[in-house]
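Structure first, commentary second.
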Amino acid sequence: MKHNYPLPFFFASSAYTIPKQVMVRVTLLIALAYLAVQIAVLNVAIYHISTLPVYLFYNLAISIVLVYFLTVYFSVSVVFSYREYELMASLPIQPQRIVSAKVMSSLLLPLLLTTVLQMPALIILVWGMKWAELVKTILLLPTLLIFTVLLLLFLLSLVQLWRRHLTTMASLLLNGIASLGIAAGFILWVVTSSKVNVKVLWSDISMDTFSSVVQSIDTLMTRIYMAVGQVPVVKQIIGIYTAPEISLRFLFMLLLFWLASFLLYRGAVQSMALHYMQNGRREMGSSTFRKAKVYAGDNEWRRYLQRERWVLQSESYFKLQVLLSLVMTPVISICLLLSDRKQWIPMDWLEGGYVEIVFAYIVLFMSCMNNTSGTPYSCEGKYYYLLQGLPFDQRKIYLSKVLVSSMIGAISILISYAVFLLTGYATMHSLLLLAVVLLLMVSYNLLAPLHDRKHPLTEWKNPSEAVKSNPNVIISLLYGLPVLLVVSGLHFSLLWMALPIGLSTGIILIVILVIDLLILKKTAV
């Protein structure tokens, strides 16, 4: 039987849909344009600051990192989801072909975005008449990007062999941990293989003048390039790629990568197709509401909060986002404190309590950026219209959503400060800063859902569209971030004016209390 329908495009079109709202489309275009400008500026800066081999290395490294995280962010949830199972199970299509189409569709968006963002690099090489480097970039870059995506999917497919023994929530969490673990393992392997001393990288770095800053950046990039060039296998790839000619070794390396990519593709497909039918029946046949508890009582606020709990329980993906919001800020806090303790990042200029202030605002921004407070109405999905048709108190619905997101943020902040206390950094001033962070986080959560409250994205096919791929996330930052930036800027301005640290933090605390009361009065209507 001849197959005349593009199954990979079916999965791609169902996973990556273009928003219908004009405003959302414009917002996405602005975000993509901003990312493209950032990449272009970075390319031009590295090209003019450093040598051509160093530029080629960083262009390749940035592209691989970008496609890796784009795959984790967009494609992993598509490949390892079974939302198409009810449709595909009734069709005469083998599981291997279904999985193969999902894997191929997962390559489309990361490769398309990365290829578009490579245009500045290609223009720079054409402008500099680096023809050999241009040809090698055109041939090698897509090869390595495809290899990176397929390697990630193959390793995750091995993890998914135990999918039938896990809940959907546990499977998503395991995928996230494995994705981060693979990246961390590779970085650790590079660091240990290169035998690089992190302190040596930062030695002789001067920030006195602009020219010294540029020279220091060039020195740091060159040192990292030389260190990575000592890693086995990576050393050969970099050497062949940055060589000024196209050799037989380069063509042989291309052939090896394509062969390895084909083997990874076949391995990932066979591994995921092995238990496709069992996993699909298990996921589509389970209901997250069966275990939901109902709390009886006359307290109205408790009932509204219970409803928010049901919304978060309705999809395993929502529960995973809550878990990530809880753990990401403490993890970043531990990394920051460890970097300071080990002197991996020079922080000698942070004296006299400034470490506490920098730590406080890093925790604040991380807890807000990882919170799902920007899209609580979109998470309602098709049930959003019940909010309009049933006699709900819209003010209490809004405040209950703010309260839930604030509770999630508060837990992550308190855990981070517990780590801060246990490492011996905390003082009495830290408690005042903790109050500042908690109240500012509430300010952000009061403002972030305002756009989603009026323009929710309710027509989504999978929960990642409601939280992760929802343009309202970007718009929510425009509502909430200005308050954080203005208050933090005011705080550092008071410190720059030589006000005592305790007094400046006290003033900021009073300012935030006034801001919270004004926001609450204006928004909770």
Side-chain angles (χ1 to χ4, degrees), residues 205-210 213 329-330 332-337 339-341 343 345-371 373-374 402 405-406 409-448 450 476-523:
I205 299 298
S206 175
M207 301 290 179
D208 297 332
T209 62
F210 178 75
V213 170
T329 302
I332 297 296
S333 302
I334 293 172
C335 293
L336 177 66
L337 295 173
S339 299
D340 181 41
R341 184 62 61 91
Q343 289 297 303
I345 300 177
M347 300 177 69
D348 298 334
W349 54 279
L350 296 176
E351 298 177 353
Y354 281 83
V355 172
E356 302 170 28
I357 296 174
V358 171
F359 176 81
Y361 282 107
I362 289 177
V363 167
L364 170 66
F365 279 90
M366 285 303 303
S367 62
C368 291
M369 297 304 104
N370 283 287
N371 210 332
S373 58
V402 172
S405 60
S406 297
I411 293 173
S412 67
I413 290 170
L414 291 173
I415 294 174
S416 301
Y417 263 85
V419 175
F420 195 64
L421 176 64
L422 292 174
T423 50
Y425 286 90
T427 63
M428 290 301 295
H429 179 239
S430 300
L431 298 178
L432 199 60
L433 285 169
L434 174 60
V436 168
V437 171
L438 290 173
L439 289 173
L440 260 181
M441 181 266 300
V442 173
S443 304
Y444 178 88
N445 289 339
L446 283 167
L447 293 170
L450 291 181
S476 70
L477 296 178
L478 302 179
Y479 279 76
L481 267 182
V483 172
L484 303 187
L485 295 175
V486 169
V487 173
S488 59
L490 177 61
H491 196 172
F492 283 101
S493 297
L494 293 176
L495 295 172
W496 181 74
M497 293 167 60
L499 262 69
I501 289 181
L503 178 59
S504 62
T505 305
I507 293 173
I508 292 299
L509 185 59
I510 296 172
V511 170
I512 298 170
L513 284 171
V514 174
I515 289 175
D516 278 353
L517 291 174
L518 291 175
I519 295 175
L520 191 61
K521 182 179 179 181
K522 295 293 184 181
T523 58

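For the single chain, residues carry numbers from 1 onward in sequence order.
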Distance in Å, [X] [atom1] paired with [Y] [atom2], rounded so as to fall on 0.5 Å steps:
{"X": "L438", "Y": "D516", "atom1": "CG", "atom2": "CG", "answer": "10.5 Å"}
{"X": "L494", "Y": "I507", "atom1": "CG", "atom2": "CD1", "answer": "5.5 Å"}
{"X": "I362", "Y": "I357", "atom1": "CD1", "atom2": "CD1", "answer": "12.0 Å"}
{"X": "F359", "Y": "L433", "atom1": "CZ", "atom2": "CG", "answer": "10.5 Å"}
{"X": "L446", "Y": "L518", "atom1": "CG", "atom2": "CG", "answer": "11.5 Å"}
{"X": "T329", "Y": "L364", "atom1": "OG1", "atom2": "CG", "answer": "9.5 Å"}

Which pair of non-hydrogen atoms, one from [X] and one from [Y], has the smallest distance, and what is that distance?
{"X": "V483", "Y": "S443", "result": "CG1-CB, 4.2 Å"}
{"X": "M441", "Y": "G409", "result": "CE-C, 3.9 Å"}
{"X": "S373", "Y": "N445", "result": "OG-OD1, 3.0 Å"}

Do [X] and [Y] have side chains that approach each other closer than 4.5 Å (heavy atoms only, starting at C-beta)?
{"X": "L450", "Y": "L447", "answer": "yes"}
{"X": "I515", "Y": "L440", "answer": "no"}
{"X": "V437", "Y": "Y417", "answer": "yes"}

Legend entry - Inter- and intrachain pairs under side-chain hydrogen bond (donor to acceptor under 3.5 Å, both in side chains), touching residues 498-510, at least two apart: H429-T505, H491-T505
Inset, instruction - Taking atom types as modelled, find out whether S333 and S416 have a side-chain donor-acceptor pair closer than 3.5 angstrom. - result: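 Side chains of S333 and S416: pair found under 3.5 Å.
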Inset, instruction - For L477, enumerate each residue passing the side chain to side chain contact (heavy atoms under 4.5 Å, CB included) test, keeping only those at least two apart in sequence or located in another chain. - result: M369, Y444, L481
Legend entry - F365 and Y361 aromatic ring geometry - parallel, tilted or perpendicular at 30°/60° bounds: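 Ring orientation, 0 to 90° scale: tilted.
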